[in-house]
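Start at 1 and go down the list; that is how both ligands and their atoms are numbered. The first residue in the sequence is number 1, and the count goes up from there.
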Amino acid sequence: MNERVIRGFYDRFAGIYDFVFNGVFQPGRLEAVRAMDLQPGQRVLEVGVGTGLNLELYPEGVRVVGVDISLPMLREALERQRRRPPAAEVQLARMDALGLGFPDNTFDVVYAPYVVTVVPRPRQVVAEMARVCRPGGRVVVVNHFGSSKRPVQWFEKRLTPLTSHVGFRLDLPLEAILGVPGLIKEQERRVNAFGLWRLVVFGKRA
Ligand SMILES: C[S@@+](CC[C@H](N)C(=O)[O-])C[C@H]1O[C@@H](n2cnc3c(N)ncnc32)[C@H](O)[C@@H]1O
């Protein structure tokens, strides 16, 4: 995955992103926020916040920082906040998920919805998420991951050069983001249509 291509794609299509990706990804977003079991006063980092489709799902009393590499996507998120102010307190910033500009152990929950297959080095992103999550906190990922079934893998491998042009890959195995030091997988379940996406919740060792 080429960073310039990915960024160019989201910069160009920010205006129509919600039309294409709101409904289809929404059940996974809802389940992810439920799995966070957020309490008032907790701090959440949302990595790849995009147009802010998750922002109104966070409960009141929670403080959320949303970061994204694409300014046009962030502009859409700002506009959404203006139209429908979220219950949670939200701050947005432009930032690369491959190098998060926060000190270690800053957030209670670090969440990446539909992001690990659009970055060139997914494991590095999850390692960064783990670093900024406090001990005892949670790292939450929702994404499609490559199938373990041979015939499906065959299709995913062949389609990925095409989907890469539109900003994501289909063939990333879940194993690519497992085993990050400090993280223990606590939950894994299938979400969205036909269970083609997965919600994965990690705990950070206390
Ligand atoms: C498929 S969209 C997901 C948006 C949103 N999370 C959602 O639930 O719809 C992927 C997002 O990741 C962002 N992104 C891609 N590469 C990134 C990077 N290196 N750092 C931060 N954000 C990145 C894109 O700009 C885009 O907004």
For residues 88-100, which side-chain N or O atoms pair as donor and acceptor with protein atoms under 3.5 Å away, sequence neighbours left out?
| from | atom 1 | to | atom 2 | distance (Å) |
| --- | --- | --- | --- | --- |
| Arg94 | NE | Ile69 | O | 2.8 |
| Arg94 | NH2 | Ile69 | O | 3.3 |
| Asp96 | OD1 | Leu98 | N | 3.0 |

Please tabulate, one pair per line, all N/O donor-acceptor pairs under 3.5 Å involving side-chain atoms of residues 70-78, not counting sequence neighbours.
| from | atom 1 | to | atom 2 | distance (Å) |
| --- | --- | --- | --- | --- |
| Ser70 | OG | Asp11 | OD1 | 2.7 |
| Ser70 | OG | Met73 | N | 3.2 |

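For the pairing with Asn105, the side chain to side chain donor-acceptor pair (under 3.5 Å) check across Lys204, Arg131, Arg134 returns one residue only, Lys204.
For Arg63, there are no salt bridge (charged side-chain N to carboxylate O under 4.0 Å, His left out) partners two or more places apart in sequence or in a different chain.
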What are the polar N/O contacts of ligand 1 with the protein below 3.5 Å, with distances?
| from | atom 1 | to | atom 2 | distance (Å) |
| --- | --- | --- | --- | --- |
| ligand 1 | 6 (N) | Gly48 | O | 2.7 |
| ligand 1 | 6 (N) | Pro113 | O | 2.9 |
| ligand 1 | 8 (O) | Arg29 | NE | 2.9 |
| ligand 1 | 8 (O) | Arg29 | NH2 | 3.4 |
| ligand 1 | 8 (O) | Asn54 | ND2 | 3.3 |
| ligand 1 | 9 (O) | Tyr17 | OH | 2.7 |
| ligand 1 | 9 (O) | Arg29 | NH2 | 2.8 |
| ligand 1 | 19 (N) | Asp96 | OD1 | 2.8 |
| ligand 1 | 20 (N) | Ala97 | N | 2.8 |
| ligand 1 | 22 (N) | Ile69 | N | 3.2 |
| ligand 1 | 25 (O) | Asp68 | OD1 | 2.6 |
| ligand 1 | 27 (O) | Asp68 | OD1 | 3.4 |
| ligand 1 | 27 (O) | Asp68 | OD2 | 2.7 |

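Salt bridge status for Arg34 with Glu31: absent, with no side-chain N to carboxylate O gap under 4.0 Å.
A donor-acceptor pair is defined here as one N or O able to donate and one able to accept, closer than 3.5 Å; no such pair exists between the side chain of Arg29 and the backbone of Asn54.
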